[in-house]
Amino acid sequence: FERAEEWFSRAAQIGQASGLSAVVNAAHAGRASVRLDQGNWAGAVADAGLVPAGFVFEAEYNTLDQEQFNRMYWAGAGQPYRSFSVWNTQWEEYYSETGDPRVSWRWRLKADESQFFDGTEPPADLALAGTGDAGVAIVAPVLPDEKVPQFEQTKYPREASNITLSSKWEMNLIVAENHLRGGDFQSAMALLNERRSGLGLDPLAPANLTEAWTLFKRERGAELWLEGRRMWDLTRWAADGTPGDLHPKEILGGAESFLTVASRSGEENRCYPIPRAEREANPNLSLTP
C-alpha cells in the first residue's frame, strides 16, 4: 500500500505536468482507495473529493486475442467454460427481488440451453436450470448430483466488456463510509440514495447506525461486484469491528453459506493459500504453506 501510494502520487504529478486530466483523476481515485486500505481516512476523503462527478477509469478488453478477453465473462459464459455461478451468493436473491442492474444475472433452460431467462425470473425448480462444468461435493446436501446451477453474471455481457478500476461512485462510497465511522448515517445514506435514484431503485431509510452499516456493506458490495474488492473489505471491517451484519450467505462457515472456514486455528480465514507453482518458483517462500 505504501508503494502504491507513492506511485499514484507520482502519476498525479506527471499527469498535472502533462496536462492530462484523466491521468490525474485516475491517480487521485487510485490513491484514495489505497489510503482507505491504509486507514488514512483524512487522505482518502480528500483524494475522493478531487475526483469529478461522472469519472470512470476502466481496464479495456477486446476480442482480438483470448488473452485480452474479459475473464469474468469468459469463465462463465459457456464458450466453453462454466466455472463461475451466481447461485447461492447474496446477489442471487437480491437481484431477483430488486432488479439492481449492478448485480444482474441470467440462467439457461436445461432442456433447451439456447433459451435464457433473466434472474428477475428465477427458475421455479433448480432442476430446470442448466448446470456448470463441474460437480462440487460440498453442495451435495442441497443438490444430490453435486451439479451447481449455472447462473451467469451479466454485468460483463461480452468478451470485450471493460472492467471499472475506479469511479466517482466508489469515491462516494469512501466518503459515505467515513460518515458512518463518525456516526452520521444520514449523510452516508444521502450519497447512497443519489446513486440508487439514478438506477431506479428504492431509497434506503435505516432506523439507526447499525442498520445503516448493514445497508452500506451491501451497497458497497453491489457497486464493486466482480471488481476484486470484497475480500479486503471484509478483512478491513472485521479488523475495525464495524457494526452491521453481512448477508448470511457471505459469512464464512455460516449455516446458509458454503464458504468454509479454512484456518488451522479455527478462526475466520479470508486468505487464499499461495499456489504450489509460485512457492516452487520463489526462493523466498516455503514449500509448506
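By convention here, the first residue in the shown sequence is residue 1.
- Heavy atoms only, all atoms of each residue included: Lys249 and Ser257 are closest at O-OG, 2.9 Å.
- Here the options are Glu170, Glu219, Glu223, the test is salt bridge (charged side-chain N to carboxylate O under 4.0 Å, His left out), and the partner is Arg195; only Glu223 passes.
- Counting all heavy atoms, side chain and backbone alike, Thr154 lies closest to Ser104 at OG1-OG, 2.6 Å.
- In terms of heavy-atom proximity, Val24 sits nearest to Ala12 at CG2-O, 3.8 Å.
- Panel note: side chain Ser167, backbone Val56; no donor-acceptor pair is recorded below 3.5 Å.
- Taking the six-membered ring for Trp, Phe1 and Trp232 have ring centres closer than 6.0 Å.
- In this model, no donor atom of one side chain and acceptor atom of the other lie less than 3.5 Å apart for Tyr156 and Asn162.
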Item to check | Step-by-step side-chain hydrogen bond (donor to acceptor under 3.5 Å, both in side chains) determination, Thr98 to Asp100 | outcome: CA-CA 5 Å; Thr98 67; Asp100 188 331; 5.0 Å; no
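- Taking the six-membered ring where tryptophan is involved, the planes of Trp91 and Tyr94 are perpendicular, since the angle between them exceeds 60° and thus also 30°.
- Between Arg279 and Ser286, the side chains place no donor N or O within less than 3.5 Å of an acceptor N or O (distance only, hydrogens not considered).
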Item to check | Ser114 and Asp112: CA distance, side-chain angles, deciding distance, side-chain hydrogen bond (donor to acceptor under 3.5 Å, both in side chains) verdict | outcome: CA-CA 5 Å; Ser114 66; Asp112 181 0; 2.6 Å; yes
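- Although no hydrogens or angles enter the test, the distance criterion places a donor-acceptor pair under 3.5 Å between the side chain of Lys217 and the main chain of Pro243.
- Ion pairing between Arg106 and Glu121 fails under the 4.0 Å rule for side-chain N and carboxylate O.
- Ring planes of Phe69 and Trp74: perpendicular class, angle over 60° (limits at 30 and 60°).
- Cluster membership check: Phe84 shares its hydrophobic cluster with Val148, using side-chain heavy-atom separations under 4.5 Å among Ile, Leu, Val, Met, Phe, Trp and Tyr.
- The main-chain N or O of Arg158 is found under 3.5 Å from a side-chain atom of Ser161 such that the two form a donor-acceptor pair.
- Counting only distance, with no hydrogens or angles, the side chain of Arg82 and the backbone of Ala75 share no donor-acceptor pair below 3.5 Å.
- Closest approach of Trp105 to Pro122, counting heavy atoms only: CH2-CB, 4.3 Å.
- Panel note: side chain Glu92, backbone Asn88; a donor-acceptor pair is recorded below 3.5 Å.
- Taking both residues in full, the closest heavy atoms of Ala44 and Ile174 are given as CB-CG2, 4.0 Å, listed atom of the first, atom of the second, then distance.
- The minimum heavy-atom distance linking Leu201 with Arg102 is given by the pair CD1-NH2, 4.0 Å.
- Annotation: cation-pi geometry not satisfied between Arg108 and Phe116 (NZ/CZ under 6.0 angstrom from ring centroid, within 45° of ring axis).
- Judged by distance alone, the side chain of Asn193 and the main-chain N or O of Leu204 form a donor-acceptor pair under 3.5 Å.
- Counted by atom type alone, Asp240 and Thr242 present zero donor-acceptor pairs between their side chains at under 3.5 Å.
- With contacts defined as side-chain heavy-atom distances shorter than 4.5 Å, the pair Trp237/Glu177 qualifies.
- Distance alone, capped at 3.5 Å, is enough to place a donor-acceptor pair between the Lys168 side chain and the Val51 backbone.
- Panel note: side chain Asn40, backbone Gly43; a donor-acceptor pair is recorded below 3.5 Å.
- Checked by atom type and distance alone, the side chain of Thr164 never pairs as donor or acceptor with a backbone atom of Glu58 at under 3.5 Å.
- Ser166 contributes no side-chain N or O that, together with a main-chain N or O of Ala26, makes up a donor-acceptor pair within less than 3.5 Å.
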